[in-house]
2 protein chains.
Amino acid sequence: MATVSRALNNQATVDTELAERVRVAAAELGYRRNGVARSLRLQRTDVWALIISDIANPFFTAVARGLEDVAQEQGYSVVLCNSDEDPAKEARYLDVAVREQVSGVVLSPNEVSSDISHLQRLGVPVVAIDRPLREPVDSVLVRSAAGAEEATTHLLQQGWRRPACITGPESAGTAVQRLTGYRRAMAAHSRRSPKNLVRYADYRADRAGLAAADLLDGRYPPDSFFVANSEMALGVLEELRHRRLVPGRDVGLVAFDDAPWTQFTERPLTVVAQPAYEMGVLAGRLLLDRIGVPLDAQPAARTRRLRTELVVRGSSLRD
Amino acid sequence: MATVSRALNNQATVDTELAERVRVAAAELGYRRNGVARSLRLQRTDVWALIISDIANPFFTAVARGLEDVAQEQGYSVVLCNSDEDPAKEARYLDVAVREQVSGVVLSPNEVSSDISHLQRLGVPVVAIDRPLREPVDSVLVRSAAGAEEATTHLLQQGWRRPACITGPESAGTAVQRLTGYRRAMAAHSRRSPKNLVRYADYRADRAGLAAADLLDGRYPPDSFFVANSEMALGVLEELRHRRLVPGRDVGLVAFDDAPWTQFTERPLTVVAQPAYEMGVLAGRLLLDRIGVPLDAQPAARTRRLRTELVVRGSSLRD
DNA sequence: TACCCGTCGGCAAACGTTTTCCGCGCGCCG
DNA sequence: CGGCGCGCGGAAAACGTTTGCCGACGGGTA
């Protein structure tokens, strides 16, 4: 048993020719080692968990691809858990992650206050992606505020006079950052306090559509929208279509987040694109830096902030 | 130890008051049971694996939601693995599934010949979703051929004379079924053998775009397209835009697979919608029927075929 | 001849549960 | 007062690996 185990784990102490024979025999017998028993003994698994807040969001699927590519390369597998913007589900999956002893967790937290203390106590490396956490932890973020500011400024420069902002839930770090960027741009153009031009939604299409309707029905309706992700842009588009308002003609529209379909809408959508794939890769590298490193030799929490890119298409222009 | 274990597992033999005290103490001490050790002893986990072929495809994300909802309800967690249309990755994840002793697998196989024999030998329930498998196994499928036939017939009835078909890879069951439906419709309208109107692609946007270009550059270019999934529809849309062809005016277009963005394209897309969420739910129920049932009491393989729905929007109409 | 080193494999502990077996104490009933 | 059933808990086996310890063997070296 001992030698077989050593052979299958490519340990140097076993002769290569014998190791080969072992592998052949194993294959012949259809032997597969029991990963659970192995994990129990080793106190770790070759699995990473990626806990994302919305599986339907192409941003996260691109992140997943990036993470998976570095994982595979290093012999890890990635399992994906969908918290669906629900803190309870997120907690459930964090719990599954510790129970199943994954050796690394990449998390896009629903809230800045998500509780990862248990993982940290156990020494499981965690990296926050897309959204910041209150606790100090490796993070891969984008310069949301800067991107939002650039987008809003672009609207103003195009001649739109009253851009509204539909952002995510107040509990999400990205939502407030994007709002901050919007406010900065408005202030820089000495626009009035845009309080009644701002709505918090939940990063989902439905609520965003309602928010748009609410804004348009208000006393001083906006003439354009900055929307904090592409999912919500769909909701806004629906509401606009309902009112026969055409983006790029009757209203201006910019969304955070690129998606494959954005160039095929009635007027192609102007978006703030994020380097999602690279973010996944980066998160993987940050994990790798910590895995197997004793707690006292761990580097301090590092944060990578990536730049966004404004992709101007039709929906933000004035005919 | 024995009593604590029984208490935490809600066994009837322990007094409810004592069980409560155990739970309180456990919470106080921050005790979390080790899921790996538990799985080792129990020879199973509370985890299902969902192995899908394309994580960016909204069809699969809807399936995932459906499956997850029944899983949660029954105390299971579902981890998602992305095989990315790559048989090698799929095999890797199937292997991870057996190694990690998941108690059920839902698989959308890349090929009808994907090898699940090892899972079956071990008695791990498997259900194939979306695409059929050669081996007898529980399956949740849609009536692809019927849907494709209906879509193609619709194009013909709208007055399009030469609809082309861009389908998936020959190895995928759905791809050939959709092609079959297309052929049936063509035959029913006594169209010539449509050999040079058919292209196999890989269910991805890029290759589909190339296929469209190839068709349009041929000797007898098509005047309309039936495309076998929404991902590929994006590729076709790109190629059409490149040529300044507007769907619903210059060409007809129907795609299999609904997606959130389909109603917001330049001309809203006519699609064959699949009940993706329900399919996930159904797959979960099929798993539940088998989990914990001894091998000799297992029902024979069952297949559920769900109906598609043709959603007519603008892209298939003639102005 | 004695010794050392590299390779090999037997033995056993350990990982953290669940579960069976068994014995104890208690209250209840006949 | 004896027997019984119930709730409880101790002891130990089992799940399938990894790994340290140790002894065996063979070949080269002092």
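Any value given below was found using the heavy atoms of this structure, including those in side chains, with hydrogens, waters and symmetry copies removed. Per chain, numbering begins at 1; letters A, B, ... match sequence-line order. The structure presented is a predicted model; accordingly, all values stated were derived computationally and were not measured.
Side-chain contact, T174(B) with Y203(B): a donor N or O sits under 3.5 Å from an acceptor N or O. With no hydrogens or angles considered, a side-chain donor-acceptor pair links N10(A) and R23(A) at under 3.5 Å. Q298(A) and R290(A) share a side-chain donor-acceptor pair at under 3.5 Å. There is a side-chain donor-acceptor pair under 3.5 Å between E90(B) and N110(B). Judged by distance alone, the side chains of D69(B) and Y277(B) do bring a donor and an acceptor atom under 3.5 Å apart. Judged by distance alone, the side chains of S108(A) and S53(A) do bring a donor and an acceptor atom under 3.5 Å apart. Counted by atom type alone, S77(A) and R92(B) present one or more donor-acceptor pairs between their side chains at under 3.5 Å.
Atom CD of E17(B) and atom P of dC8(D) are 8 Å apart (whole Å). In this structure, CG of N34(B) is placed 17 Å from P of dA14(C), rounded to the nearest angstrom. dA13(C) atom P lies 13 Å from atom CE of M1(A), rounded to whole Å. Summarising the geometry, the separation between CG on L122(B) and P on dG16(D) is reported as 11 Å, rounded to the nearest angstrom. Between N9(A) atom CG and dG16(D) atom C1' the separation is 13 Å, expressed in whole Å. Computed from coordinates, the R21(A) CZ to dT7(C) P distance equals 15 Å when rounded to whole Å. Rounded to a whole Å, the CZ atom of R6(B) is 10 Å from the C1' atom of dG10(D). Protein atom CG of L8(A) is 7 Å distant from nucleotide atom P of dT18(D), rounded to whole Å.
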task: Walk me through it: do V142(B) and R305(B) pass the test side-chain contact (heavy atoms from CB on, under 4.5 Å)?
output: CA-CA 5 Å; V142(B) 294; R305(B) 285 179 190 283; over 6 Å; no

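A close approach under 4.0 Å does occur between a side-chain nitrogen or oxygen of R33(B) and OP1 or OP2 of dT18(C). Between dC15(D) and Q101(B), no contact under 4.0 Å exists linking OP1 or OP2 to a side-chain N or O.
In R285(A), the CZ atom is not crowded: 12 or fewer heavy atoms of neighbouring residues, nucleotides or ligands sit closer than 6.0 Å.
Across its full length, the helix from dT1(C)-dA30(D) to dG30(C)-dC1(D) shows an angle of 60° between the axes of its 5 terminal pairs at either end, rounded to 10 degrees.
Among the atoms of the strands shown, only primed sugar atoms or phosphate atoms (P, OP1, OP2) are found under 4.0 Å from some heavy atom of V14(B).
Of the residues in residues 37-47 of chain A, those lying under 4.0 Å from DNA chain D by heavy-atom distance are A37(A), R38(A), R41(A), L42(A).
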